[in-house]
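Read the structure below first, then the notes.
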There are 2 protein chains.
Amino acid sequence: MGRVTLNDVSARAGVSRATASLVVRGSERISPATTERVRAAMVELGYVYDRRAAMLRASRSMTIGVIVPEIRNPYLGEMIMAIEATLHGEGLTVLVGHSHDQSERESQLLSTMVERHVDGLLLQPAQDLTREQVDRYTKSTETPLVMMMRYIDEQDNYVGPDNEAAGLILGEHLRTLGARSVTLVGGPRKSSARQGRIAGLRAGLGTAVEFDSGEATALPTNYTDTGERAMAHVFDQGKVPDVVVGYSDVVTMGMYAEIYRRGLTPGRDVAVASFDDVPMASWLAPPLTSVATWPNRVGKAAAELLLARIADGAAPPERIEFEPALRLRASTLSWGRRSRG
Amino acid sequence: MGRVTLNDVSARAGVSRATASLVVRGSERISPATTERVRAAMVELGYVYDRRAAMLRASRSMTIGVIVPEIRNPYLGEMIMAIEATLHGEGLTVLVGHSHDQSERESQLLSTMVERHVDGLLLQPAQDLTREQVDRYTKSTETPLVMMMRYIDEQDNYVGPDNEAAGLILGEHLRTLGARSVTLVGGPRKSSARQGRIAGLRAGLGTAVEFDSGEATALPTNYTDTGERAMAHVFDQGKVPDVVVGYSDVVTMGMYAEIYRRGLTPGRDVAVASFDDVPMASWLAPPLTSVATWPNRVGKAAAELLLARIADGAAPPERIEFEPALRLRASTLSWGRRSRG
DNA sequence: ACGATCCGTTAGATCGATATAACAACGACC
DNA sequence: GGTCGTTGTTATATCGATCTAACGGATCGT
């Protein structure tokens with residue numbers, strides 16, 4: 001014999017299937033006595049709710065899709081945890097996928113999630129994802145969508161750090177530190193986040209400091225191995241700048257490795273700074289100067305904005321940007337002292 | 001008007017719904033001409049496959065549930081990527097959940113996944129998860145289950161590193177290095193993995209070396225902040241051992257931070273070693289001696305074992321353990337030299 | 001005493017696909 | 001020529017829940 005269904009439960013409890021259904025959903029309209037009888041029957045028979053059937057019939061699936069480029073990145077780990085914590089409270093289940101920052105894989109994920117009728121999507125778009133690819137799955141199905149960290153254009157709901165401000169405060173710090181040349185290392189070339197950080201750095205550094213936006217080292221994936229390769233490339237160019245700025249902390253960890261490998265010490269021979277301020281940044285040797293970009297705030301706000309969009313699909317696109325904060329540590333400060341002294 | 005269904009498509013193409021369904025599933029039995037007509041109709045109407053309905057009717061949902069204690073841990077990140085890579089090839093979607101190493105949260109996740117009729121489960125059990133909690137959801141529904149990294153008892157399908165061998169080779173290394181006292185730091189107290197590593201360390205260190213299995217620092221969660229607190233506890237006890245062995249690399253990163261904070265240097269004032277050998281281990285300062293426990297091999301093998309169990313549910317439980325490998329680096333080697341010299 | 005209102009409950013239709021068994025059309029075979 | 005098997009297609013029941021509209025009975029107002 002097959003699985004126990006609501007039909008079996010209602011028969012056992014001597015009520016209709018509809019009543020049993022209302023009990024499972026905790027309806028107020030059912031009398032305590034009936035509720036109790038049905039609950040007892042469920043326990044006796046070992047009933048397991050079948051969400052597939054509920055998902056098919058009901059208008060909502062109580063599922064949210066989350067797509068990020070990379071799952072091993074602790075920054076994104078924090079963000080995902082914040083998202084889940086927020087949505088779990090609403091009784092929503094989160095479906096996580098990672099795209100390897102490839103738009104093709106991301107299209108597949110979007111398709112899978114729309115096929116499963118997710119109630120909404122939280123997307124950190126792959127760097128080369130196009131509006132057409134997004135619209136293809138979300139427009140006809142009217143699936144609410146919020147972009148995180150990056151966006152495609154102005155019609156997107158967007159939550160992320162204020163990347164330009166992040167670049168600006170770091171640039172200013174490096175200028176006052178006395179840097180003469182600064183190179184940005186790594187990061188996904190085409191992403192809006194990278195563009196913003198570059199613009200901010202330029203503005204903060206001013207015209208007196210030589211700035212290389214590091215297009216040659218901008219690499220598709222954004223993980224630690226990328227940092228090693230990108231830093232090696234900088235060394236192989238011959239002219240080592242005063243400061244290397246990693247696109248993110250995970251990239252910078254790889255850069256540390258490569259700097260040590262060349263017999264140099266980060267923060268002494270070359271100043272290093274970065275973005276994100278993941279917990280590990282302060283544990284590196286030397287501790288890493290980094291601009292905090294608040295993964296948990298971003299995750300929480302994105303989830304909340306999505307909930308609002310699910311409740312009211314007609315609202316105009318909204319943008320939420322968080323003020324970054326500069327965390328000064330030895331990887332730049334000790335270099336600063338040395339060059340001054 | 002609502003969503004386009006197979007009914008609409010079949011009407012447009014002038015065939016029956018059954019035929020259209022066969023076309024979506026790529027059946028061989030449909031003539032090329034018909035296939036083409038149906039495909040065209042799908043494109044014209046903008047048809048989106050509805051997996052909810054398919055999942056309800058079909059015997060398989062083409063979904064696998066994966067439950068791990070912590071999502072920010074890069075070790076688990078690697079493992080999840082290996083799992084997804086393996087299952088994606090079979091057309092399966094992966095549903096990931098993290099339990100914070102709490103059995104209650106884990107029960108909820110199991111329930112959610114069984115409600116969604118996952119075809120199988122890959123589970124790294126929370127340290128206090130009981131057989132009853134697992135059976136409650138998997139037995140009546142006959143959901144195939146493979147445990148990873150830890151197990152509850154001998155009737156589980158299990159894939160993981162050979163923890164005892166891992167402890168053994170590290171213990172032997174530390175003994176020949178000349179360690180007099182060794183303390184294990186952190187880790188989930190009750191997990192089978194920790195028990196195995198302790199047994200191995202004991203055997204490898206022999207009776208001449210003082211070994212503290214660190215029950216006082218064994219902490220529920222297994223992330224970097226845990227390492228800081230646990231190491232602080234060791235310092236506060238007064239007697240600092242020759243060697244501290246972190247339960248895992250992420251824990252050990254936190255230990256490094258605390259050691260530096262006390263004005264000491266890992267690998268010079270106290271030798272440090274660990275388990276897992278995540279990429280970051282070699283980028284720390286000093287590079288960390290660690291026992292490789294192969295997250296991608298574990299993930300891949302676990303996924304494959306699960307596929308086999310799905311194909312044949314009656315097969316007896318199987319255990320797969322991977323030989324660990326010792327990665328010698330400066331965090332122990334430089335201490336060794338100093339103490340010898 | 002009568003109709004109006006409210007409340008807990010229910011029968012039956014429904015969501016959109018898949019499974020099953022049967023179908024017509026056609027050629028092969030003895 | 002009748003039987004058989006094959007091939008491509010289809011009618012219909014089905015998965016297990018939720019939605020809708022309506023139900024009977026109790027309570028209320030007048």
Side-chain angles (χ1 to χ4, degrees), chain A residues 1-39 41-42 45-63 91 112 114-117 119 140-141, chain B residues 1-39 41-42 45-63 91 111-112 114-119 140-141:
Chain A
M1 107 166 194
R3 201 146 157 165
V4 178
T5 76
L6 266 192
N7 236 333
D8 307 326
V9 171
S10 59
R12 172 67 156 253
V15 298
S16 77
R17 190 171 65 249
T19 303
S21 173
L22 288 168
V23 171
V24 203
R25 286 178 283 163
S27 164
E28 303 283 333
R29 311 179 56 81
I30 303 292
S31 72
T34 314
T35 301
E36 202 35 61
R37 270 220 318 290
V38 175
R39 287 253 164 76
M42 282 173 20
L45 299 176
Y47 171 69
V48 180
Y49 184 64
D50 193 326
R51 206 169 284 270
R52 300 174 307 173
M55 280 167 62
L56 175 58
R57 190 59 179 88
S59 51
R60 295 190 54 182
S61 69
M62 302 307 278
T63 311
T112 301
V114 170
E115 283 177 5
R116 281 163 199 268
H117 280 243
D119 293 336
S140 72
T141 57
Chain B
M1 151 198 139
R3 201 148 160 165
V4 179
T5 76
L6 267 191
N7 236 332
D8 306 328
V9 171
S10 60
R12 173 66 158 253
V15 299
S16 77
R17 190 171 64 248
T19 304
S21 174
L22 289 168
V23 170
V24 201
R25 287 178 284 163
S27 163
E28 302 282 333
R29 308 183 57 83
I30 303 292
S31 72
T34 314
T35 301
E36 200 37 59
R37 269 217 322 290
V38 175
R39 287 253 164 77
M42 283 175 13
L45 298 175
Y47 171 70
V48 179
Y49 184 65
D50 193 327
R51 204 168 285 269
R52 299 175 307 173
M55 279 167 64
L56 176 59
R57 189 61 177 91
S59 51
R60 295 190 54 181
S61 69
M62 302 308 276
T63 311
S111 162
T112 303
V114 170
E115 283 177 6
R116 282 163 198 269
H117 281 242
V118 292
D119 293 336
S140 72
T141 56

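Proteins get letters first, then strands, A, B, ... in listed order; numbering begins at 1 in each.
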For the pair made of CG in B/L6 and C1' in C/dA19, what is the distance, rounded to whole Å?
14 Å
Spacing of A/L22 atom CG relative to D/dA17 atom P, expressed in whole Å:
13 Å
Select base, sugar-phosphate, or nothing to describe what B/V24 touches, counting heavy atoms under 4.0 Å on all strands.
nothing
Whole angstrom value for the distance that separates C1' of C/dC15 from OH of B/Y49:
15 Å
Interatomic distance, A/R52 atom CZ to A/R116 atom CZ [nearest 0.5 angstrom]:
12.0 Å
Every protein N/O lying under 3.5 Å from an N/O of nucleotides 12-15 of chain D:
residue, atom, partner, partner atom, Å
D/dA13, N6, B/R17, NH2, 3.3
D/dT14, O2, B/R57, NE, 2.4

Distance col, row A/D50:CG vs B/M55:CE, nearest 0.5 angstrom, shows 8.5 Å
Would you mind reporting whether B/R17 and B/T5 have side-chain heavy atoms less than 4.5 Å apart?
no
Give the rounded distance in Å between these two atoms: CZ of A/R51 and C1' of D/dG16.
14 Å
Rounded interatomic separation in angstrom, taking CE from A/M55 and P from C/dC15:
17 Å
Test your reading of the model: is there a side-chain donor-acceptor pair from B/D119 to the backbone of B/R60, 3.5 Å cut-off?
no
B/R39 atom CZ: more than 12 heavy-atom contacts under 6.0 Å:
no
How close do B/Y47 and B/V4 get, counting heavy atoms only, and between which atoms?
CD1-O, 3.5 Å
Exam field: side chain A/T63 to backbone A/S61, donor-acceptor pair closer than 3.5 Å
yes
Atom pair CZ/OG of B/R57 and B/S59 - distance to nearest 0.5 Å
9.5 Å
Nearest-angstrom distance from the residue atom CZ of B/R29 to P of C/dT20
14 Å
With sugar-phosphate meaning primed atoms plus P, OP1 and OP2, does A/S31 contact a base, only sugar-phosphate, or nothing at under 4.0 Å between heavy atoms?
sugar-phosphate
Quick one: pull up CG in B/L6 and CE in B/M42 and give me the separation to the nearest 0.5 Å.
8.0 Å
Can you measure B/R25 atom CZ to C/dG16 atom C1' for me and round it to whole angstrom units?
12 Å
Rounded to whole Å, CE of A/M42 lies from P of D/dA17 at a distance of 11 Å
Given Watson-Crick and G-U pairs under 3.5 Å, DNA chain C in dot-bracket ([ ] crossing, | other strand) is ||||||||||||||||||||||||||||||
Kindly say if A/T19 contacts the phosphate of C/dT9, meaning a side-chain N or O under 4.0 Å from OP1 or OP2.
no
